[in-house]
There are 2 protein chains.
Amino acid sequence: MRPTIHAVAKRAGVSIATVSRLLNGSTRVSAETAARVRRAIEDVGYLPNASARGLAMSANGTLAVIFPKLSGPFFSELIRSAEASARETGYHLLVYGDSSIAEDAQERMLGLLATKSDGLILASENIGLDYIRDVQRWGLPVVVLGRQPDDISVDSIRPDNVNGAVKAVSHLIEHGYRRIAMITGRRTHLHAADREAGYRRALYDHGLPIIPELVISGAFDEESGYAATQLLLRRRPVPEAIFAANDEMAIGAMAAVREKGLRVPADIALVGFDDIAPARYVHPSLTTVDQDMYGQAQVAVQMLLERVNGSDAETETRLVPTELVIRESCGCKDVARDVASVV
Amino acid sequence: MRPTIHAVAKRAGVSIATVSRLLNGSTRVSAETAARVRRAIEDVGYLPNASARGLAMSANGTLAVIFPKLSGPFFSELIRSAEASARETGYHLLVYGDSSIAEDAQERMLGLLATKSDGLILASENIGLDYIRDVQRWGLPVVVLGRQPDDISVDSIRPDNVNGAVKAVSHLIEHGYRRIAMITGRRTHLHAADREAGYRRALYDHGLPIIPELVISGAFDEESGYAATQLLLRRRPVPEAIFAANDEMAIGAMAAVREKGLRVPADIALVGFDDIAPARYVHPSLTTVDQDMYGQAQVAVQMLLERVNGSDAETETRLVPTELVIRESCGCKDVARDVASVV
DNA sequence: ACTGGTCATGTAAACGTTTACATGGAGGGG
DNA sequence: CCCCTCCATGTAAACGTTTACATGACCAGT
């Protein structure tokens, strides 16, 4: 049997209330008593029971995050960052794969989850609006990451896709590229729409025309980037640069260009979006836009905690800044000198 | 105020004990009562309070995992797999970065952690033995992943490094390579020692000599792989193949070979270990050994649950099988046809 | 010296479950 | 027809905290 607060109280010759107060610092405890209690805690090896504490305070000091199946590269930063931010403010972090949620009868899952945590970060696109509504009805604060549910009032966080795309395309324009193609995604895709908007805006701002036949829709994977690029390479004149709405498609594009006997960036410059891990490793290394998942998760925890602490301000969408990462594939930089790029 | 079990009982016209029994299935409840209670649960939107339950049962249905700072590529699989396995058996998963543990006064951290979970998977090398001992003394079951603490009795899981290395090197030998170098790591490194042992065994089994000047120690990062390879390329005759104890060093090696004007695998074949994500993306794609982190985490959860459920069998070390992943860099395969390898 | 106010501490009532034990009704064997 | 058993259900005591309220000591101001 593990030592309880009673054991400590007995050993220190005080009441359990005093021990509890010392631990929580709610009221002052005299210095000598404090010392005695602290020794007693040491002596018996006492650790407060989280369940009992949670029950008494009706708050369990835990945040939950539901993560998506796919996001291989971002996953790590998402969890790491959320955990670090949570920990910093004294919270613990529970994690759930979205498939776990989907499989379980939703109610049961909701139940277990909802009563174990004080707030939820939903980072998956595969969870229905109904689920969000259920969680909210239950009274659990929620923030949504990388998604914007229209029909529902909920805080959300996402990368500043528009500005990221503007930066990427402007960079190309400013280095002399004029005929710039884009591989985009289905309009319904949150990131796709905004990134395409940024592309258009950059062209517009620099007085360049938008050429519809240079905008091709992909499916955010390598295959479709490859296929889209094959199409683009048949346009005449051939585009001078391609902006892909994500790195996977950019990598597919790279393969297509290479297969056609052309060189990146000499013949065609290439820029991606997201800065996934392999972007550093492909050859040439890929210029891309970092969507700062670490920052996003940080903001998510922060927003969530505001709600947990009772804020009832209007729900809001927070945009996290994106950063252009210049590597070799855009042809705007001296060849990098680090080992990775040599590969 | 959220509905409690009392609200349900009242609505169904039964006692709270009956509701509880229905929920936990400990004793039979008559069919009609069950139906009535179930409706009541629906009606009031009841969800059992996890803290109260945890307190009453002195078990909180939660496992914790402490993950390392570095393991970027494995991290994802570790968490995903652990979560999935835990979920499957009805447990929830708490995650902690090892830096969180280290920073907090250990006692405090131990406290919070220990009372929130029923068992701990320690996947970090940066946590001291003292911590493990403290956790064990407290009565929390622990299993250790990817590490073998000598001075302490604890369950552990790790990849079958020896056999992985044997497979890799044998593969090279069987395809005609004879003069095979190895980039290893400090002997104290868990994986390094075993992988080197596998290398030696493969050579020995095939009647090949071990040439000391072809075994160079690196530090498990790109830089050191690069440096080690520069040394190896000065040996005469130049090695026909290099086996690196991990993929990072293999990637560094690739850079060194290329810089010297040699080709992989035409002039020098190359095999790594771990199968990190970039291994698919480098050019040529890297033949390597998959250490199956998913499987390891699965086994870890399984072993941990045995302990949680009271097993007091002898502590044991479980080896998880490793698999050779043949790609281009070993020169033993027709050039792959998938998009990635074209890049 | 009396009153009122601080301050440190103790007492006891929550918090929402689970579960050992008690209760009472139904059914079956003698 | 009685007694024993079994089964469905209720009663109430844990589980280990936090915290409102009560208590009494001590001090200062009058």
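Since this is a predicted model, take the numbers as computed values, not measurements. Lettering follows sequence order; numbering is per chain, from 1.
Side-chain contact check for B:S156 and B:T317: at least one donor-acceptor pair (N or O, by modelled atom type) lies under 3.5 Å.
Look at CD1 on A:I41: it is 13 Å from C1' on D:dT17, rounded to the nearest Å. In this entry the distance linking CZ of A:R53 with P of C:dT17 reads 21 Å, nearest Å. Regarding A:N60, its CG atom lies at a distance of 14 Å from the C1' atom of D:dT17, rounded to whole Å. Rounded to whole Å, atom P of D:dT9 lies 10 Å from atom CG of B:L22. With rounding to whole Å, A:L55 atom CG is found 12 Å from C:dT18 atom C1'. Between the OH atom of B:Y46 and the C1' atom of C:dG16 there is a distance of 7 Å, given to the nearest Å. Between A:L23 atom CG and D:dT19 atom C1' the separation is 14 Å, expressed in whole Å. In this structure, A:H6 places its NE2 atom 12 Å from C1' of D:dT18, rounding to the nearest Å.
The number of heavy-atom neighbours closer than 6.0 Å to CD of B:E125, taken from other residues, nucleotides and ligands shown, is 12 or below.
Heavy-atom nearest nucleotides on DNA chain D were determined for B:A52 and for B:A31, and the one closer to the 5' end corresponds to B:A31. Map A:V19 and B:E32 each onto its nearest nucleotide of DNA chain D; the residue landing nearer the 5' end is B:E32.
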Practice problem: Show your reasoning for whether side-chain contact (heavy atoms from CB on, under 4.5 Å) applies to A:V29 and A:V37. | Solution: CA-CA 10 Å; A:V29 173; A:V37 173; 5.8 Å; no

Polar atom pairs between nucleotides 10-12 of chain D and protein, under 3.5 Å, N or O only, would you list them?
unit_1: D:dG10; atom_1: OP2; unit_2: B:S15; atom_2: N; d: 2.8
unit_1: D:dG10; atom_1: OP2; unit_2: B:S15; atom_2: OG; d: 3.0
unit_1: D:dG10; atom_1: OP2; unit_2: B:T18; atom_2: OG1; d: 2.6
unit_1: D:dG10; atom_1: N7; unit_2: B:R21; atom_2: NH2; d: 2.8
unit_1: D:dG10; atom_1: O6; unit_2: B:R21; atom_2: NH1; d: 3.1

Polar atom pairs between nucleotides 5-8 of chain D and protein, under 3.5 Å, N or O only, would you list them?
unit_1: D:dA8; atom_1: OP1; unit_2: B:R28; atom_2: NE; d: 3.3
unit_1: D:dA8; atom_1: OP1; unit_2: B:R28; atom_2: NH2; d: 3.4

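With hydrogens and angles disregarded, a donor-acceptor distance shorter than 3.5 Å links the side chain of B:E83 to the backbone of A:G97. At distances below 3.5 Å, at least one donor-acceptor pair connects side-chain atoms of B:S81 with backbone N or O atoms of B:Y294.
Here D:dT17 is the nucleotide among C:dC15, D:dC15, D:dT17 with the atom lying nearest to any side-chain atom of A:N49.
The aromatic rings of A:Y96 and B:H92 lie perpendicular to each other, with more than 60° between the two planes, well past the 30° mark.
Using a 4.0 Å cut-off, no side-chain N or O of A:S58 falls inside it from OP1 or OP2 of C:dC15.
Distance CG/B:D118 to CZ/B:R307: 15.5 Å, rounded to 0.5 Å. One distance of note links CD1 of A:I157 with CZ of A:R318; it measures 7.5 Å at 0.5 Å rounding.
Heavy-atom minimum distance, A:I121 versus A:A300: CD1-CB, 4.1 Å.
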